[in-house]
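Report on one structure; see the data block that follows.
Atoms within each ligand, like the ligands themselves, are counted from 1 in listed order. Owing to the predicted nature of the structure, the values given are computational and were not obtained by experimental measurement.
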Amino acid sequence: MGIELKKIGVIGAGQMGSGIAHVCAVAGFDVVLSDISKDKIESGLASINGNLVRQVQKEQITEAERDAALARISAAGDLDMLSDADLVIESAVENEQIKRKIYSQLCPLLKPEAILATNTSSISITRLAASTDRPERFIGIHFMNPVPIMELVELVRGIATEDETYEAAKGFVNRIGKKMAVAEDFPAFMVNRILLPMINEAIYTLYEGVGSVESIDTAMKLGANHPMGPLQLADFIGLDTCLSIMQVLYEGLADSKYRPCPLLVKYVEAGWLGRKTQRGFYDYRGDVPVPTR
Ligand SMILES: NC(=O)c1ccc[n+]([C@@H]2O[C@H](COP(=O)([O-])OP(=O)(O)OC[C@H]3O[C@@H](n4cnc5c(N)ncnc54)[C@H](O)[C@@H]3O)[C@@H](O)[C@H]2O)c1
């Protein structure tokens, strides 16, 4: 017998968490969206609303479906409101200590049968699972950005993940209309194991003065047929997230080829995190993004 999922909790209302709440609500799940910051919950709900409006304009969903989806999402100031969730998807910042702290506060509140999933981009599912009271009911459900648009979800089992949990996660991914690729639990799984070293190399290419922001992005768009340049993509992902993933690869695989570019480190130290802070390799404060180097 499979597990029936009705209510989904989402922790972290940033760009990914709000996207996850959006697709869950459109698929008919009741959703509770929580974040440590009330402002982030508000901006997350505003971006869900804006994206739903866009879907109505593109005739992907009707007005009535938009209203119903919005009505299914409630905001949670604290984790108590997640206590009756069947599945909780943690999508807080890419920081292992923060994720562990969230689980230690959350797990005692959850139903014993509730499944806990993480949207981590790179951190070991087995290690995160081991820090909870339910490693057998813990799994990686790794969404792509922007969630309402990107088709893929990577599913990552930890060593202790039970078949029942895996089957429930597969059923969930089908229900929200995404395709899945199953990855083994290695640092950064598949997509980011391949993508992030390329982005890091693009930042080295900039750092070493081989090309400007614009020329590097143009080179990869027109020369390798990528839909967006690697520096544009880095800004889109968030430079803090890019750095965290490179650090996980560097430490987890103990290979110098994954060394984060010092320029990436410097940007993160400056708080230039890409689109979400209006500045990264491009400046987003005007009508069109302006390259900064
Ligand atoms: N950005 C991407 O392209 C991408 C893609 C796939 C997966 N991810 C993963 O998704 C997760 C979130 O990334 P994002 O891009 O949405 O980041 P983000 O910076 O947009 O959002 C992170 C959110 O976590 C919240 N947060 C921080 N500490 C918290 C806590 N203790 N409790 C609750 N909320 C807390 C922050 O307030 C913020 O709203 C990360 O694990 C990241 O690796 C990111």
- Message: When you measure from the centre of the six-membered ring of Tyr166, is the NZ or CZ of Arg157 closer than 6.0 Å and no more than 45° off the axis?
- Response: yes

- Charged N-O contact under 4.0 Å between Glu151 and Lys178: no

- Item | Linked hydrophobic residues, Leu222 as query - side chain contacts closer than 4.5 Å | none

- Message: Judged on heavy-atom distance to atom 26 (N) of ligand 1, which of Asn192, Ile36, Ile41, Val147 sits nearest?
- Response: Ile36

- Who gets closest to atom 22 (C) of ligand 1 by heavy atom: Val93, Asp39, Asn145? Val93

- Under 4.0 Å from one or more heavy atoms of Phe143, ligand 1 contributes atoms 5 (C), 6 (C), 7 (C)

- Less than 3.5 Å between some nitrogen or oxygen of Lys40 and one of ligand 1, yes or no? no

- Item | For Ile237, atoms of ligand 1 separated by under 4.0 Å from a heavy atom | 1 (N), 2 (C), 3 (O)

- Message: Would Arg175 and Phe29 count as a cation-pi pair here, with the cationic atom under 6.0 angstrom from the ring centre and within 45° of the axis?
- Response: yes

- Task: Ignoring angles and geometry beyond distance, decide whether Glu94 reaches within less than 3.5 Å of ligand 1 through its nitrogen or oxygen atoms.
- Result: yes

- Message: Salt bridge check, Asp84 against Lys111: does any charged N sit closer than 4.0 Å to a carboxylate O?
- Response: no

- Would you say Ser37 has any N or O atom under 3.5 Å from an N or O of ligand 1, going by distance alone? no

- Task: With atom 23 (C) of ligand 1 as the reference point, say which of Ile89, Asp35, Thr120 has the nearest heavy atom.
- Result: Asp35

